[in-house]
Amino acid sequence: MEAALRTLEADGQLNEKDVHAALTKCLSLASPGSPFVIRLCKAIQYLSLQRQLPYTNNQLDAVLQYLISIINASVVAVRRIAGAQAPTPPATAAAAAARPPAAATMNEPLETLEAALRAVGAVVYEQAARCRKCITPLIEASLPCLVVAMPPEARRAAAGAISSLYVLPSTGKKDKVPELDTALPRVLEALVASLRADPPRDPAALVKHATSLLKALLHVAGRSNTIDDALVPEALAALKFFSFFKTLGDAPRSRTAYDPLGSLLPAAPQPFTPRVAKQRQIRRQRQDQRARDGLPVPPSSDSEVSDLESSRNKTPSTWRVRLLALQCLQIIAKRSSRRSIVGYWQSFLADETQPESSTLFSACLHDPSPQVRAAAADAITSFLEGSKQFLAPADDRPSGIAFTSFASSLGALVASLHRHTTAAVTAETDGPAAIRHMKTLSALISNCSYERLLPGYLRDIIQIIRPFLDDSVDTDLRVAAMAVVASVFGAQSRAEDASAIFGRSVPSDRATPVVTPPAASATPIPAPAPA
């Protein structure tokens with residue numbers, strides 16, 4: 001057994017025939033109660049990730065069936081120990097002295113469970129179509145690890161295994177795996193429930209916990225064609241919390257002079273420094289030394305190293321958590337029915353009745369990360385697409401009645417959407433993020449009916465977009481700006497609004513414009529220098 005494990009852990013030229021022979025021997029000898037199980041699981045993870053060991057279908061099924069048996073046995077052991085550690089009536093002094101420490105009792109099965117789940121994630125990555133025979137047992141074994149009663153480490157490892165199972169292949173085409181589609185509702189429900197559960201107290205562990213669960217939710221929701229309406233409220237509540245995620249280690253930092261978020265605004269991620277490069281080099285050297293000594297080498301990625309460095313610096317980066325939460329929010333808003341999503345407009349989109357800090361536009365305007373700002377714009381676009389029939393009754397004209405009608409409140413929401421979207425385009429300094437904001441503006445124009453709105457909205461939009469049509473601006477920005485202009489022409493608008501495109505001055509019935517265009521520079525985003 002020891003010689004076979006050394007063959008699997010060797011860091012030399014890979015002889016596939018010898019490695020598979022040693023792996024087959026280890027699978028037959030390392031039973032669930034064997035002390036070699038953890039080493040074998042880490043060796044399987046190492047061979048699958050770093051050595052890219054190819055498997056035949058029969059070999060893949062044999063490895064997964066073994067790992068499933070380890071997971072099931074470990075889950076039973078963890079539950080039994082957790083039940084034994086529950087509060088009980090006072091025992092005698094002799095019985096209390098003979099009882100082993102709780103941490104020592106729980107560590108071994110929990111470590112075995114984590115190692116088996118990580119090995120599963122490494123083996124099934126982009127291999128779901130080849131292991132259809134084991135998909136249902138694998139999901140049945142992983143879902144109990146996501147329940148709230150399980151330790152956070154087990155929930156994080158189970159989320160990683162499910163994420164690898166549902167990840168789309170590198171080709172981008174969705175494989176036809178009916179077993180995955182059948183289990184989708186249960187997996188989504190389990191992930192959302194685990195995301196809503198009490199998170200770890202440690203800031204670094206909290207970042208890892210949220211990142212693992214959000215990645216799994218992103219991949220699982222990405223395979224789904226529709227999201228059940230009963231799951232939408234819980235999912236949106238969890239994602240809204242993580243969209244403004246911040247841990248105690250973050251220092252408040254403002255992107256603009258006015259910061260409505262206050263202490264909720266997280267710090268920007270730390271740049272890649274020579275010290276970070278040195279730490280990664282030392283870590284790789286230690287791994288190589290362990291491999292030469294015949295010890296197991298747990299594979300690590302740059303994200304894991306970054307998480308370790310963040311925990312050492314006591315400043316865990318949270319922008320990745322916000323980015324993943326917004327990407328999940330975009331997919332759920334796109335895959336859910338329009339009627340169910342419309343009910344959450346006031347919770348996520350700008351409205352006059354609530355502060356800006358509780359809406360997605362706070363991320364668009366004030367988040368220090370350009371990737372997060374772009375993801376927030378995409379999420380807003382998903383909320384707006386296909387909602388023309390719901391925005392059609394909007395009317396912001398003076399009504400003269402004593403109460404606020406539904407059309408007037410909807411008109412106030414539309415006016416707020418125009419103001420914040422145009423302000424995001426004007427304030428953006430990153431090119432890709434500005435393109436996303438323009439796509440949001442195009443979606444807003446395409447889904448609004450301007451016949452019952454005050455004139456001037458489209459004229460103000462053209463005044464803001466016009467600088468981006470200059471030849472000195474980047475080509476992608478000009479294309480996005482032209483798409484906005486095309487949306488303006490396609491809208492059922494007033495003739496006086498469309499005439500502003502040709503430079504004629506038209507009086508507005510509104511007291512104040514939607515947004516004031518910048519006067520300091522004709523082009524908010526500088527054009528790249530010619531080659």
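It should be emphasised that the depicted structure is a prediction, and the values quoted were computed from it without experimental measurement. Values below: every heavy atom of this structure, side chains too, minus hydrogens, waters and symmetry copies.
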Could you go through the side chain to side chain donor-acceptor pair (under 3.5 Å) check for R155 and S194 one step at a time?
CA-CA 8 Å; R155 289 155 56 191; S194 184; 3.2 Å; yes
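- The pair K208-E153 does not count as a salt bridge, with every side-chain nitrogen at least 4.0 angstrom from each carboxylate oxygen.
- Using a distance-only test at 3.5 Å, with no hydrogens or angles considered, a donor-acceptor pair links the side chain of R335 to the main chain of G222.
- Judged by distance alone, with hydrogens and angles left aside, the side-chain atoms of R436 form no donor-acceptor pair with the main-chain N or O of A377 at under 3.5 Å.
- Between the side chain of R338 and the backbone N or O of F383, at least one donor-acceptor pair lies under 3.5 Å.
- V220 is not listed as a side-chain neighbour of L165, based on a closest heavy-atom distance of 4.5 Å or more.
- Using a 4.5 Å cut-off on side-chain heavy atoms (C-beta onward), L217 and L239 make contact.
- A distance of 7.5 Å separates OG1 of T440 from CG of L384, quoted to the nearest 0.5 Å.
- Classification of the H420-F361 ring pair by plane angle, with boundaries at 30° and 60°, yields tilted.
- Within 6.0 Å of CZ on F36 lie more than 12 heavy atoms contributed by other residues, nucleotides or ligands.
- A salt bridge is defined here as a Lys NZ or Arg NE, NH1 or NH2 lying under 4.0 Å from an Asp or Glu carboxylate O, and D367 with R322 meets this definition.
- In R186, the CZ atom is not crowded: 12 or fewer heavy atoms of neighbouring residues, nucleotides or ligands sit closer than 6.0 Å.
- The closest donor-acceptor contact from the side chain of S142 to the backbone of I139 lies at 3.5 Å or more, if one exists at all.
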